[in-house]
Amino acid sequence: MRSTNKMHFEISERKVLLFAFDAVFVLSALYFLSFFFDYRYFALEIDIIYRPIILIGYLFIFGTIFEMYNLQVASNQFQILKSVVLSVSTTVLVYLLTPVLSPELPKQRLIILIFYLTILLVVLLWRFFYALFLASHRFSQNVVLICDQDQVEELVLGLENVDPHYKIIGFVNSDSLSTTNSDFHYVKEIDKSELEDFVIKNSVSEIVIASQKTDGITADLYQQLLHLLESGNIIREYTQVYESKTQRIPVHYIARDFYRFFPFSRSNNNKLYLFLIRFIELLFSFTGLIICTVFIPFIFIANLIGNKGSLFYTQDRVGKNGNVFKIYKFRTMIEASETNGAVFTVFNDKRITPFGKFMRKSRIDELPQFYNILKGDMAVIGPRPERPFFVEEIARVMPFYETRHVIKPGLTGWAQVNYSYGESIDESLIKLQYDLYYIKHRSVFLDLSITFKTITTVLFYRGQ
């Protein structure tokens, strides 16, 4: 008998839902505005169908930059207002000023105001509805874990912290050597013989197997899993769930079976993709160096006052295939900042000067690295290049850390836009999970996502 699962949305489904209804509500509101009030600035007509497409395209681009499609932001009523106002305001401004493709600017300013307020109000109303209703626990997904008892807390926190709608309501202890612990209350422990009944009664939509031991999966438990699978229940392996939810590779969990879970992206050897990326990198590096040249006189003066030392700073970093190269940066720390040896940069590091802190936050200090990109030592997008000393230290803890060197290091990357600055070896291992996810899923779409997130990081002054 199949359990009656309550409705829930996956992370990707919620993002599609947000974008689709943004488009539907905005276009519908503008259509009714023109239909009932003879509002002619924006019309939905076949011969100018490109105009609404451009408007929605702008909304998606700026909505991504200003985090309107970030699910944590979309579920927070206080952050919704900020993200929607910024996204809609920028969208309308750019749309109004797009030559040829947008309608001619009306002579009456009231028409522009009506256009702006219509889009703003309809998006705000829809997003508040989403936060209050669709993002509530009414649509949470009930899940059961099959794992060893000592793994439960780590596994539950690892998934629920990323997706609060992914509720693990029970676990089956798969360790045959341990006995039931009646004092354990983190999540409900389910007796192996009662799994099928529990799944049906509690509308469980997914069963996640995280056990690395097979001796605890008894014949009875196996038969129940088989019946549940035949009834339409979803049974997934933990590393697959973790990767899809967190967009990281769980290297701390899969250990020596790593390469079974980590096929390289075909983009890493796709000549057309690599040629296109290199062409874009050259354009970026030339543009970046021009911008850098424009900034140098101002930075030079500010450096004399605020940093009191050399303008540029070079450091050895490990690049593709483990080759060491010199990275170029504007200096942000005091002179002789590592007299006692190499150490990680930490939050509010006292070695960073006040002007250096500004440059780090705004990412201005990294402009000289466009020279590294031009030389071919670095790419625009890739794992952040680390120092040889730290590579050796981390590689001792995580033997396949150097796997991140199969591609060029980048000016920005998946780890940089999703996680804070690595202040320790433990945090570097978390960043490694993001780097390996990028290497595994490298594509044009992921590169675009990183580009948008990088713009967000700069605009919101989140550099470090």
Side-chain angles (χ1 to χ4, degrees), residues 4-33 42 44 52-95 114-143 159-169 203-206 234 241 244-247 417-418 445 448-449 452-453 455-457 459-460 462:
T4 306
N5 295 333
K6 63 179 181 178
M7 186 177 180
H8 65 271
F9 298 102
E10 296 286 350
I11 290 177
S12 58
E13 292 172 337
R14 274 180 263 156
K15 289 185 177 180
V16 171
L17 187 74
L18 287 172
F19 174 67
F21 279 97
D22 281 348
V24 168
F25 286 129
V26 167
L27 294 180
S28 298
L30 292 172
Y31 172 76
F32 285 118
L33 188 67
F42 186 92
L44 293 174
I53 294 174
I54 291 170
L55 176 65
I56 296 304
Y58 284 155
L59 183 63
F60 175 69
I61 291 171
F62 294 114
T64 302
I65 291 173
F66 292 111
E67 301 185 312
M68 207 166 72
Y69 298 103
N70 181 308
L71 294 180
Q72 280 72 33
V73 173
S75 301
N76 186 309
Q77 298 174 46
F78 298 102
Q79 295 185 54
I80 285 173
L81 184 62
K82 175 185 174 182
S83 65
V84 170
V85 169
L86 286 173
S87 301
V88 171
S89 300
T90 310
T91 295
V92 171
L93 179 63
V94 174
Y95 181 77
I114 292 172
F115 179 68
Y116 170 68
L117 289 178
T118 299
I119 298 176
L120 180 63
L121 290 174
V122 75
V123 174
L124 277 176
L125 288 173
W126 146 238
R127 289 310 189 96
F128 280 127
F129 171 80
Y130 171 86
L132 291 170
F133 185 68
L134 296 181
S136 69
H137 291 296
R138 297 183 187 91
F139 295 94
S140 62
Q141 183 177 6
N142 289 341
V143 182
L159 295 175
E160 290 191 350
N161 284 347
V162 177
D163 186 358
H165 299 96
Y166 195 78
K167 305 300 294 183
I168 298 174
I169 61 172
S203 300
V204 171
S205 58
E206 188 164 290
I234 299 172
V241 177
S244 66
K245 293 288 183 185
T246 66
Q247 296 183 310
V417 298
N418 282 291
F445 295 107
L448 285 173
S449 177
F452 287 138
K453 285 176 176 285
I455 296 171
T456 301
T457 300
L459 288 176
F460 288 111
R462 293 176 183 163

Engineer: Flag the pair I119 / T91 as yes when at least one side-chain heavy-atom distance between them is below 4.5 Å, and no otherwise.
Structural biologist: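 Contact flag for I119/T91 side chains = no.
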
Engineer: If you round to the nearest 0.5 Å, how far is CG of L81 from CZ of F128?
Structural biologist: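 The CG atom of L81 is 5.5 Å from CZ of F128, to the nearest 0.5 Å.
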
Engineer: If we only count heavy atoms from C-beta on, is the F21 to Y130 side-chain gap below 4.5 Å?
Structural biologist: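 They are not in side-chain contact.
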
Engineer: Test of understanding: with side chain to side chain contact (heavy atoms under 4.5 Å, CB included), list the residues that count as partners of S244, not counting sequence neighbours.
Structural biologist: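 For S244 the side chain to side chain contact (heavy atoms under 4.5 Å, CB included) partners, ignoring immediate neighbours, are R236.
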
Engineer: Could you report the tightest heavy-atom contact between A29 and T118, atom names first, then the distance?
Structural biologist: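 Result for this residue pair: CB-CG2, 3.8 Å.
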
Engineer: Could you pull out all residues at least two apart from V16 that satisfy side chain to side chain contact (heavy atoms under 4.5 Å, CB included)?
Structural biologist: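 Checked V16 against side chain to side chain contact (heavy atoms under 4.5 Å, CB included); zero matches.
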
Engineer: Under the side chain to side chain contact (heavy atoms under 4.5 Å, CB included) test, which residues partner A23, sequence neighbours left out?
Structural biologist: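 A23 satisfies side chain to side chain contact (heavy atoms under 4.5 Å, CB included) with I56 only.
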
Engineer: Which residues pass the side chain to side chain donor-acceptor pair (under 3.5 Å) test with S449, sequence neighbours left out?
Structural biologist: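 Side chain to side chain donor-acceptor pair (under 3.5 Å) list for S449, sorted by chain: empty.
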
Engineer: V84 versus M68: any side-chain heavy-atom pair under 4.5 Å?
Structural biologist: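 Touching, per the 4.5 Å side-chain cut-off.
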
Engineer: Report the distance from atom OG of S87 to atom NZ of K82, rounding to the nearest 0.5 Å.
Structural biologist: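 So the gap between those two atoms works out to 11.0 Å.
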
Engineer: For residues L27 and P52, report the shortest heavy-atom separation together with the two atoms involved.
Structural biologist: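 Here L27 and P52 meet closest at CD2-CB, 3.7 Å.
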
Engineer: With sequence neighbours left out, what residues match L125 under side chain to side chain contact (heavy atoms under 4.5 Å, CB included)?
Structural biologist: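 Residues passing side chain to side chain contact (heavy atoms under 4.5 Å, CB included) with L125: none at all.
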
Engineer: Are side-chain heavy atoms of F452 and V417 found at a separation under 4.5 Å?
Structural biologist: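 The answer is no, as the side chains (C-beta and beyond) never meet within the 4.5 Å cut-off.
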
Engineer: Looking only at non-hydrogen atoms, find the nearest pair between A131 and I80 and report the distance.
Structural biologist: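 Between these two residues, the closest heavy atoms are CB-CD1, 3.5 Å.
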
Engineer: Can a donor-acceptor pair be found, under 3.5 Å and without considering hydrogens, that links the side chain of S83 to the backbone of F66?
Structural biologist: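 Side chain of S83 to backbone of F66: no pair is present.
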
Engineer: Within 45 degrees of the ring normal and closer than 6.0 Å to the centroid, is that where the cationic atom of R127 sits relative to Y69?
Structural biologist: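 Here R127 passes the 6.0 Å and 45° test against Y69.
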
Engineer: Which pairs of donor and acceptor atoms, one on a side chain in residues 57-64, lie under 3.5 Å apart (sequence neighbours left out)?
Structural biologist:
from : atom 1 : to  : atom 2 : distance (Å)
Y58  : OH     : T98 : OG1    : 2.9
T64  : OG1    : F60 : O      : 2.7

Engineer: For L30 and L55, run side-chain contact (heavy atoms from CB on, under 4.5 Å): C-alpha distance rounded to whole Å, both residues' side-chain angles, the deciding distance at 0.1 Å, then the answer.
Structural biologist: CA-CA 11 Å; L30 292 172; L55 176 65; 3.7 Å; yes

Engineer: Within a radius of less than 6.0 Å around CZ of F25, do more than 12 heavy atoms belonging to other residues, nucleotides or ligands occur?
Structural biologist: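 For F25, atom CZ is crowded (more than 12 foreign heavy atoms under 6.0 Å).
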
Engineer: Does anything in residues 71-80 pair up under side chain to side chain donor-acceptor pair (under 3.5 Å), and if so which pairs, sequence neighbours excluded?
Structural biologist: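 Checked against side chain to side chain donor-acceptor pair (under 3.5 Å) - neighbours excluded - no pair reaches residues 71-80.
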
Engineer: Please identify each residue that fulfils ring-ring contact (aromatic ring centres under 6.0 Å, His included) with F129, with sequence neighbours left out.
Structural biologist: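 Here the qualifying residues are F133.
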
Engineer: How close do D22 and V123 get, counting heavy atoms only, and between which atoms?
Structural biologist: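 The answer is OD1-CG1, 4.3 Å.
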
